[in-house]
K.L.:
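Pasting in a structure now, in structure tokens, and then I'll have a few things to ask.
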Amino acid sequence: MTTAERRTDDPAAVLDSVPLGAFVGGTWTDTGRTFPVEDPATGEVLAAVADCGPDEARAALDAAAAAQPALAATAPRERAELLRRIHELLLRDRERLATIITLEMGKPVAESRGEVAYAAEFFRWFSEEACRIEGSYATSPDGRGRILVTRRPVGPCLLITPWNFPLAMGARKIAPALAAGCTSVVKPAEQTPLTMLALAALLEEAGVPAGAVSVLPASDPEAVADPVLADPRLRKLSFTGSTEVGRHLIRRSADQVLRVSLELGGNAPFLVFEDADLDAAVEGALVAKMRNGGEACTAANRFLVHDAVADEFARRLAERMAALVVGRGTEPGVDVGPLIDGPARDRVVGLIEEATAGGAQVRTGGAALPGAGYFLEPTVLTDVPAGAEMTRTEIFGPVAPIQRFDDTDAAVAAANDTPYGLVSYVYTRDIDRALAVCEALEAGMVGLNRGVVSDPAAPFGGVKQSGLGREGGRVGIDEFLETTYVALPR
Ligand code: NAD
């Protein structure tokens, strides 16, 4: 057993391993102010972390701007090796990091282990991409000139991440930024800063140059984000979070005409046709709904099921959801942890109440659990009225509303009837229908007979109000690169 594994037996020892200062310009800084981080399974305070404001934000951007030219000038292979070391450190500390994620975010530790592996894979993928930044050289069509095209790093970036995947959402930005040669200032979500601070310590250990990545926990996001966004040295914003905050940050980015990447909210439809393999559809539904306890942008939000199989699908899904074990994520055998906080749970309970008042039937679950922590029973609802609020908004909790359809066009129209367009799921065995429906769905990603789409080697992102740009895949690094064209005579 390694030291890191031994430490995971004792949450207190794991927490002791996390630096609680801000990581500014390669130095751990005591800001003189702190804010509490809560365990959503107990409501108890886990730690008090440094609270950053405009002074630390400016210092981090100073460091990022100072480190930018040297980082841009490093050999791609050097950046690749650095990213590879980070990948290996994440795997070395997998158990410790998984425990930190579970303590501050609540998901079962098995899922946190999966998140660490997913995050580590972004560093490996982008270590491979760092050496594949390509340009081109061509004769102009009229034969009178040459066209030389090269790529270079966009420059210092602000990276803002959410609480639901506190490690992976940071990895998905930090890895391509470093691969491209961009420095960054990272602002983790106020609910889950410990994971990002633990990552900062590993970046330091791997040899990331001082100033290339700073991590600024803050109780007031605007106190850090606004001064950085207003500074002309910043060149890019990459944000993952709610559509509402994303919209606000587009406005904030206008003054400096920043490059902007946004991974925002979703309202994923999950379509089950009459010819679907029902066992596979129920299995996929369980994963698409319950991964991360439903607190995922990719979570299936509306189950649209053909009349011919709707009753059987609802029965089987309710049976599987009822069998899930709800509890503290650090306990063995737990399938579903708490929601992130009290307001989040109350909001989801409110959505259930609104739907049932309108005629929805509770097939399983439906209530918050009494006692400490923010637990909610896995819930399946049928006969959900067309206008129910939970079908229009992101539920962000363990609730599966089932609606019926009787015709493919109606199913696609219902699926697209949302301002969001992140992901859709489709279950059918008819290849012609599968392709036609995949083409008609307004979504950046489609899971065809599959309940999970996330893959570091695939382009992740949405259309409509689910965002701008893609993370991961071959295109993920493009978000951090500028194109330069040099015109030459011939
Ligand atoms: P959120 O928008 O409330 O917060 C996200 C981040 O933005 C946090 O770090 C927060 O501190 C910061 N923030 C909030 N207000 C800000 C402001 N005015 N200026 C600067 N920063 C600000 O979202 P959340 O509740 O943390 O995360 C859940 C949301 O994230 C959901 O909508 C979910 O769908 C979305 N999400 C999307 C993806 C994706 O890839 N599309 C992935 C994960 C989560």
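All ligand and atom numbering here is 1-based and tracks the order in the structure.
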K.L.:
Between Thr240 and ligand 1, which residue portion shows a heavy-atom distance shorter than 4.0 Å: side chain, backbone, both, or neither?
P.N.:
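Both parts.
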K.L.:
Using a 4.0 Å heavy-atom cut-off, say whether Ser466 meets ligand 1 through its side chain, its backbone, both or neither.
P.N.:
neither
K.L.:
Please could you name the atoms of ligand 1 that Glu190 approaches to less than 4.0 Å, counting only its heavy atoms?
P.N.:
10 (C), 11 (O)
K.L.:
I need the contact type for Thr243 against ligand 1. Using non-hydrogen atoms and a strict under-4.0 Å cut-off, is it side chain, backbone, both or neither?
P.N.:
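Answer for Thr243: neither.
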K.L.:
Between Arg58 and Asp231 (salt bridge meaning N to carboxylate O under 4.0 Å), is one present in this structure?
P.N.:
no
K.L.:
Please classify the Phe239 to ligand 1 contact at 4.0 Å (heavy-atom distances, strictly less than): side chain, backbone, both or neither.
P.N.:
side chain
K.L.:
Heavy-atom contacts with Leu249 under 4.0 Å: which atoms of ligand 1 show up? List them by number with element.
P.N.:
19 (N), 20 (C)
K.L.:
Between Thr243 (side chain) and Gln465 (backbone), is there a donor-acceptor pair under 3.5 Å?
P.N.:
yes
K.L.:
Taking the minimum heavy-atom distance to atom 16 (C) of ligand 1, which of Leu158, Thr192, Val224, Val245 ranks first?
P.N.:
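Shortest heavy-atom distance from atom 16 (C) of ligand 1: Val245.
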K.L.:
Please compare Gly266, Ser454, Gly462, Gly241 and report which has the shortest non-hydrogen distance to atom 29 (C) of ligand 1.
P.N.:
Gly241
K.L.:
Atoms of ligand 1 less than 4.0 Å from Phe396 heavy atoms?
P.N.:
28 (C), 31 (C), 33 (C), 34 (O)
K.L.:
Give the atoms of ligand 1, by number and element, whose distance to some non-hydrogen atom of Glu222 is under 4.0 Å.
P.N.:
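Listed by number with element, the hits are 17 (C), 18 (N), 19 (N).
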K.L.:
Considering only heavy atoms of Pro188, which atoms of ligand 1 have at least one such atom less than 4.0 Å away?
P.N.:
9 (O)
K.L.:
Taking atom types as modelled and ignoring hydrogens, do the side chains of Arg328 and Thr42 form a donor-acceptor contact shorter than 3.5 angstrom?
P.N.:
no
K.L.:
Taking Arg259 first and then Glu482, would you say they form a salt bridge - that is, a charged N and a carboxylate O separated by under 4.0 Å?
P.N.:
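Yes.
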K.L.:
Could you list the atoms of ligand 1 found under 4.0 angstrom from a heavy atom of Pro162?
P.N.:
26 (O), 27 (O), 43 (C), 44 (C)
K.L.:
According to side chain to side chain donor-acceptor pair (under 3.5 Å), who are the partners of Glu471, at least two apart in sequence or on a separate chain?
P.N.:
Arg172, Lys173
K.L.:
How far is atom 12 (C) of ligand 1 from the closest protein heavy atom, and which atom is that?
P.N.:
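That would be Ile160 CG2, 3.7 Å.
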K.L.:
Look at atom 37 (C) of ligand 1 and find which of Val423, Leu264, Val228 reaches it with the closest heavy atom.
P.N.:
Leu264
K.L.:
Side chains of Gln256 and Arg235: do they bring a donor and an acceptor to under 3.5 Å?
P.N.:
no
K.L.:
Are any of the side-chain nitrogens in Arg233 or Asp62 under 4.0 Å away from the carboxylate oxygens of its partner?
P.N.:
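Judged by the 4.0 Å cut-off on N to carboxylate O distance, Arg233 and Asp62 do form a salt bridge.
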K.L.:
Tell me which part of Glu394 gets within contact of ligand 1: side chain, backbone, both or neither, using heavy atoms under 4.0 Å.
P.N.:
side chain
K.L.:
Going by the order shown, which atoms of ligand 1 are within less than 4.0 Å of some heavy atom of Pro221?
P.N.:
11 (O), 13 (N), 14 (C), 15 (N), 16 (C), 21 (N), 22 (C)
K.L.:
Looking only at the side chains, is there a donor atom on one of Ser112 and Thr102 sitting less than 3.5 Å from an acceptor on the other?
P.N.:
yes
K.L.:
Any chance the side chains of Asn267 and Arg302 put a donor and an acceptor closer than 3.5 Å?
P.N.:
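Yes.
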K.L.:
For atom 20 (C) of ligand 1, what's the nearest protein heavy-atom neighbour? Residue, atom name and distance, please.
P.N.:
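Checking every protein heavy atom, the shortest distance to atom 20 (C) of ligand 1 gives Ala225 CB, 3.6 Å.
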K.L.:
Inspect the contact between Arg33 and Glu56 and indicate whether a charged nitrogen and a carboxylate oxygen are less than 4.0 angstrom apart.
P.N.:
yes
K.L.:
Distance under 4.0 Å to a non-hydrogen atom of Leu422: what atoms of ligand 1 satisfy this?
P.N.:
41 (N)
K.L.:
Counting only heavy atoms, which portion of Thr161 has something under 4.0 Å from ligand 1: side chain, backbone, both, or neither?
P.N.:
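Near ligand 1, Thr161 shows its backbone, while the atoms from C-beta on stay back.
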K.L.:
Considering Gly467, Gly472, Ser242 one by one, which has a heavy atom nearer to atom 3 (O) of ligand 1 than any of the others?
P.N.:
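That would be Ser242.
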K.L.:
Is there any N or O on Arg172 that sits under 3.5 Å from an N or O of ligand 1?
P.N.:
yes
K.L.:
Is the ring centre of Phe270 less than 6.0 Å from the ring centre of Tyr427?
P.N.:
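Close enough - the centres of the two rings lie under 6.0 Å apart.
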K.L.:
Answer with side chain, backbone, both or neither: which part of Met169 has a heavy atom less than 4.0 angstrom from an atom of ligand 1?
P.N.:
side chain
K.L.:
Should Lys107 and Glu295 count as an ion pair when the cut-off is N to O under 4.0 Å?
P.N.:
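Salt bridge: no.
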K.L.:
Any donor-acceptor pair under 3.5 Å linking the side-chain atoms of Ser219 with those of Asp51?
P.N.:
yes
K.L.:
With the threshold set strictly below 4.0 angstrom, can you tell me whether any protein non-hydrogen atom sits that near atom 25 (O) of ligand 1?
P.N.:
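Given the 4.0 Å limit, the answer for atom 25 (O) of ligand 1 is yes, a protein heavy atom qualifies.
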K.L.:
If we set the cut-off at 4.0 Å for heavy atoms, which region of Asp226 has an atom near ligand 1: side chain, backbone, both, or neither?
P.N.:
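The answer is neither.
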K.L.:
What part of His248, side chain, backbone, both or neither, has a heavy atom within less than 4.0 angstrom of ligand 1?
P.N.:
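Just the side chain.
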K.L.:
Indicate the ring-plane relationship of Phe396 and Trp163, choosing parallel, tilted or perpendicular according to the 30° and 60° boundaries.
P.N.:
perpendicular
K.L.:
Check this for me: does any side-chain nitrogen of one of Glu479 and Arg470 sit under 4.0 Å from a carboxylate oxygen of the other?
P.N.:
no
K.L.:
Yes or no: does Ala296 have any heavy atom under 4.0 Å from an atom of ligand 1?
P.N.:
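Contact absent.
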